[in-house]
2 protein chains.
Amino acid sequence: MKAHKKGVKPNGVVTMRDVALKAGVSQGTVSRVLNGTPTSISISSDTQQRVMQAVEELGYYPNLAARTLRTQRTHLIAIMIADISNPFYHSIVRTIQDIVRVKDYDVMIANTDHHYEDEKRFCAAVMRRAVDGVIMVPFHLSTEEIDQVIKRTGTSIVALGKHITHPEVDLVYADDQLATYQGVHWLIADQGHQHIGFIGVPDSFPPGPRRLHGYEAALTEAGIALNPEYMVFGDFTAETGYQSMQNFLSLPTPPTAVFCCNDRIAIGAIAAAQDMGRRVPTDVAVIGFDNIPEATLIRPHLTTMAQHPVEMARQLAQALLERIEGKYTGTQRMFEVPCTLIRRDSA
Amino acid sequence: MKAHKKGVKPNGVVTMRDVALKAGVSQGTVSRVLNGTPTSISISSDTQQRVMQAVEELGYYPNLAARTLRTQRTHLIAIMIADISNPFYHSIVRTIQDIVRVKDYDVMIANTDHHYEDEKRFCAAVMRRAVDGVIMVPFHLSTEEIDQVIKRTGTSIVALGKHITHPEVDLVYADDQLATYQGVHWLIADQGHQHIGFIGVPDSFPPGPRRLHGYEAALTEAGIALNPEYMVFGDFTAETGYQSMQNFLSLPTPPTAVFCCNDRIAIGAIAAAQDMGRRVPTDVAVIGFDNIPEATLIRPHLTTMAQHPVEMARQLAQALLERIEGKYTGTQRMFEVPCTLIRRDSA
DNA sequence: TTGTATGCGTTATCAT
DNA sequence: ATGATAACGCATACAA
């Protein structure tokens, strides 16, 4: 038999029992005082005082594991994004954290680097921990896989992007096909470009095909033939932009404008152009996507199709909290957050 | 009385009892099979099969809250940083996550924005959750406050920076006073500058005074008088750099070189200089601190005193895991990670 | 080799 | 108004 004498606490952990002992009440009473007794209105303000004082003196903290076991609530929210080093996600993560924190939720973060493997691993973690809510940017997860998580844990889920569809998963997204179309259309109709490059991402990434379609639509509408040499695909990094622009500018007839699928690509592309002695936008115009803070740190300032991550994050957090708190229990909601073209100096 | 019939599970949650039932063994046996029975070597490979199959078919996931309550281990690691949008922390956070993940630890993140309030709040969260380990970048927390967390929860803690000292908290840090001295010394001795500006942070931030001292030491050693107009203080943002540089360049005798306490400040400073028609480094040289990825995205490429976040994160994660796993139980360890000057084009 | 029983710290349902 | 007491799901000492 171990040393299971009641009053003995070998480590420095203070439990409700200790508080109860010190306050001269039962442990159940302590619980009621601390939780504000939802049922009856009755807590003798005398014992209340004594309990609070004992809590104070002992420096009691509730044990969340025990509470979770009892209540099935973790007060934990899990966020799954591709890559914390992509500035686009910073304000998203920060905004979410700031919003849920006032309701005492802690935040877990997982990066997937767009790997299916890691997205699955995230689901497993969510199930083990029975997280209260999930905000994710799924790229490869299927509707079935997400459905499994919901069915098994009852977790509320909201997602950024229109990549999946599930009756109980609210979506916040930008119409990036339309936005791409508008950006390219502007390059043609407003800026008079005819030779327009496109640096995108492969079809295996959800945003890939949509943005490509937007590009193709704008060109086709203007009667410009699609030139395979003007369409390249990589990942969401500045390196992709750098190399792609190098290739473009080595062409016999280089594009006079380049639409980049995100700002990091655009920043890399501008760097490449400058390193090859070209002026932006005179020799080659560059337009990005996202409007990350770095857009105004580089010269020329980046013209870009802005997304509004703070607004998106606000919608995500709010929708999630509504579901967690049971204020909304209906079917899938879709929140579209429009993109807006921000004219600066690179195009 | 609620419906507490044993076999009934109203929601989709699968417990060990269900697995045991299906496998025709006791719940304790399931636990032993799943955990590899540390004590004896004995698990009948027959029952083992049956258990594993039941686990598979039912899609059982262990309930971490219950396990935590029993074992006092959360498999959670908490990271406290100032601001997730500071690129310096990206590789730190990512590296830590990647390392601890292979040992099945999840990661919680909190941003403090250098606010004392938020640092305290973080401590409270750590205590409630009884996190297994903590990696933090404390700015305002006192040794006593950290000691309390350790005493009460037994949590292992490692910290980035030499801002605190606790016998059980391992430290990973750069000697930034020395690094600042070296950077400024290089501007004087190697580059021949005499008028050197310094954009720092207030003394209330731990790195503030140290870096200032490094600057002062280099100047004093070279027999250059300290000029209060050349020493300004703000926060760690590009805006601070922008405004400070504007002020410098409006002086009757502007500095010919400016040492910035981090790269974001430096990037802002360069932008201001360029916007005022000055050339960098010809008219004014700029040197930063950290070596964030953006350093090579801007023109001119930023000359900077590089820290090595990946190396630091590796040390932090390794030291923490050693403490969590009890492989190291001794007193405070100090890991200094040297800074290195990276010459590029801005100075 | 496996089953039984107990307790981890809470919350919530009984009584009193 | 408050004190007992029973789970929550799991790990483990002990018995068999």
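What's counted below: heavy atoms across the whole structure, side chains too, no hydrogens, waters or symmetry copies.
- Mapping B/Gly24 and B/Leu69 onto DNA chain C by nearest heavy atom places B/Gly24 closer to the 5' end of the strand.
- Note: CZ (B/Arg129) to P (C/dC8) measures 22 Å, nearest angstrom.
- A straight line from CD of B/Gln27 to C1' of D/dC8 spans 12 Å, rounded to a whole angstrom.
- Straight-line distance from the CG atom of A/Leu58 to the P atom of C/dG9: 14 Å, rounded to whole Å.
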Considering only distance and modelled atom types, tabulate donor-acceptor pairs under 3.5 Å from the side chains of residues 50-57 of chain A, sequence neighbours left out.
{"residue": "A/Arg50", "atom": "NE", "partner": "A/Ala23", "partner atom": "O", "Å": "3.0"}
{"residue": "A/Arg50", "atom": "NH1", "partner": "A/Asp46", "partner atom": "OD2", "Å": "2.9"}
{"residue": "A/Arg50", "atom": "NH2", "partner": "A/Ala23", "partner atom": "O", "Å": "3.3"}
{"residue": "A/Gln53", "atom": "NE2", "partner": "A/Glu57", "partner atom": "OE2", "Å": "2.9"}
{"residue": "A/Glu57", "atom": "OE1", "partner": "A/Lys22", "partner atom": "NZ", "Å": "3.2"}

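- Note on A/Tyr61: every side-chain N or O is 4.0 Å or more away from OP1 and OP2 of C/dT10.
- Look at B/Asn63 and you won't find any side-chain N or O under 4.0 angstrom from OP1 or OP2 of D/dC8.
- The phosphate of D/dT2 has neither OP1 nor OP2 within less than 4.0 Å of any side-chain N or O from A/Thr29.
- B/Lys120 has no carboxylate O lying under 4.0 Å from a charged side-chain N of B/Glu117, or vice versa, which leaves the two without a salt bridge.
- Taking only side-chain nitrogens and oxygens, A/Ser31 never comes nearer than 4.0 Å to OP1 or OP2 of C/dA12.
- Where A/Thr71 and A/Gly28 each meet DNA chain D at their nearest nucleotide, the meeting point lying more 5' is that of A/Gly28.
- Taking 4.0 angstrom as the limit, B/Arg67 places a side-chain polar atom (N or O) nearer than this to OP1 or OP2 of D/dA11.
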Q) Stepwise, does the side chain to side chain donor-acceptor pair (under 3.5 Å) test hold for B/Glu144 with B/Gln148? A) CA-CA 6 Å; B/Glu144 292 75 35; B/Gln148 229 185 46; over 6 Å; no
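- The pair A/Arg101-B/Asp118 meets the salt-bridge criterion, since a charged nitrogen lies less than 4.0 angstrom from a carboxylate oxygen.
- A straight line from CZ of B/Arg128 to P of C/dT10 spans 13 Å, rounded to a whole angstrom.
- B/Asp18 has its CG atom 9 Å from the P atom of D/dC10, to the nearest Å.
- A/Thr47 comes within 4.0 angstrom of sugar-phosphate atoms only, judged by non-hydrogen atoms across all strands, and of no base.
- Here the P atom of nucleotide D/dA11 and the NE2 atom of B/His75 are 10 Å apart, to the nearest Å.
- Put simply, CG on B/Leu64 is 18 Å from P on C/dG9, counting in whole angstrom units.
- Checking D/dT2, D/dA11, D/dG9 against the side-chain heavy atoms of A/Arg32 singles out D/dT2 as nearest.
- Side-chain atoms of A/Arg70 stay outside donor-acceptor range of the base of D/dG9, with no qualifying N/O pair under 3.5 Å.
- Following rounding to the nearest Å, B/Met16 (CE) and C/dT2 (P) show an atom-to-atom distance of 15 Å.
- Judged by a 6.0 Å distance limit and a 45° cone about the ring axis, B/Arg152 is not positioned over the six-membered ring of A/Tyr61.
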